[in-house]
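Notes for the one structure printed next.
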Amino acid sequence: MEVIVAPSYAGMSLRAAEVVCEAIRKEPELVLGLPTGATPVGMYRHLVAAYEGGQAGFSRVRTFNLDEYLGLAPEHPASYHTYMREHLLAHVNLAPQRTHIPNGASPDPETECRAYEEAIAGAGYLDLAVLGIGQNGHIGFNEPGAELRAEVHVACLGVETRRLAYEYWENAVANPFPSLEDFPDRAITMGMGTILQAKRILLLASGESKAQAVSQAVAGAITPHVPASFLRLHRDVTVLIDSEAASVL
Ligand code: PGA
């Protein structure tokens, strides 16, 4: 595991975008795993700027997002489909048929999970998986627990994960959820096996709230109680974090 500490969120974001652009330059047909959340917003901004500046092109890239909330249609303002449109897809030359995000509104989530895993497997699994990490050490929605699931599956959000995600909407200009009770409590997520099949993994973390999880993932026991610790079983992982997230390393 290589750990790179950037001095700031801005530095982390720029370096993350550079890693992605370099990977696309080397392999224009890159199969790219993508995260959502607050952490990668800066990386996406740099990727859009690189595209606009002619330093990056996505025409042959295929993307697979890590997860999506169960029950939210692609058009829902809180869906990860919407997030991806706003932060990347509306701004770069990624053809819709080459971008994949689980359908949270599928009437048959189990079939949706199997089809998503098969689509990733059919692409030869991810060449580069960009990941965030939860304060509790989750990766995607692989939450801490007694066991982890290997393949794409429907996961229950932990109480804390759900509360933190809802908090974002509570503070937003427009909150589509009347209360926490209305926020999704399940999600479709890649499993740890799906993620670990990636040829290369780039884990991003920013801020003091992630420092404990980063430290446990990088230097603690490998345990399903810290899902990110399983990344240590992979031979090509770069942990790219800002100095605050590195503060207890
Ligand atoms: P965040 O989420 O980037 O919004 O902190 C990361 C995660 O929970 O995986």
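Counting starts at 1 for both ligands and their atoms, following the listed order. Fair warning: this is a prediction, and the values are worked out from it, not measured in the lab.
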Q.
Looking at Glu167 and Arg163, is there a salt bridge between them, counting it only when a charged N and a carboxylate O are closer than 4.0 Å?
A. yes

**Q.** For atom 6 (C) of ligand 1, the protein heavy atom that lies nearest, with its residue and separation
**A.** Ile133 O, 3.5 Å

(Q) Students should be able to answer this: which protein heavy-atom is nearest to atom 8 (O) of ligand 1, and at what distance? (A) His138 NE2, 2.6 Å

Q) Is there a donor-acceptor pair under 3.5 Å between the side chain of Thr194 and the backbone N or O of Ala150? A) yes

Q.
Heavy-atom distances under 4.0 Å decide this one: backbone, side chain, both or neither, for Leu131 against ligand 1?
A. neither

Q) Looking at ligand 1, does any of its N/O atoms fall within less than 3.5 Å of an N/O of Ala38? A) yes

Q) Would a distance-only check, ignoring hydrogens and angles, find a side-chain to backbone donor-acceptor pair under 3.5 Å from Arg200 to Val237? A) no

Q) What residue and heavy atom of the protein are closest to atom 3 (O) of ligand 1, and at what distance? A) Thr39 OG1, 2.4 Å

Q. Do any heavy atoms of Lys210 fall under 4.0 Å from ligand 1?
A. yes

Q.
I'd like to know whether the aromatic ring centres of His87 and Tyr80 sit less than 6.0 Å apart in this structure.
A. no

Q: May I ask you to say whether Glu18 pairs ionically with Arg15, meaning some side-chain N is under 4.0 Å from a carboxylate O?
A: yes

**Q.** Contacting atoms of ligand 1, where contact means under 4.0 angstrom from a heavy atom of Gly37
**A.** 3 (O), 4 (O)

Q) Would you say the side-chain atoms of Thr82 pair up with the backbone N or O of His76, donor to acceptor, closer than 3.5 Å? A) yes

Q.
Taking 4.0 angstrom as the limit and counting only heavy atoms of Gly132, give me the atoms of ligand 1 inside it, by number and element.
A. 9 (O)

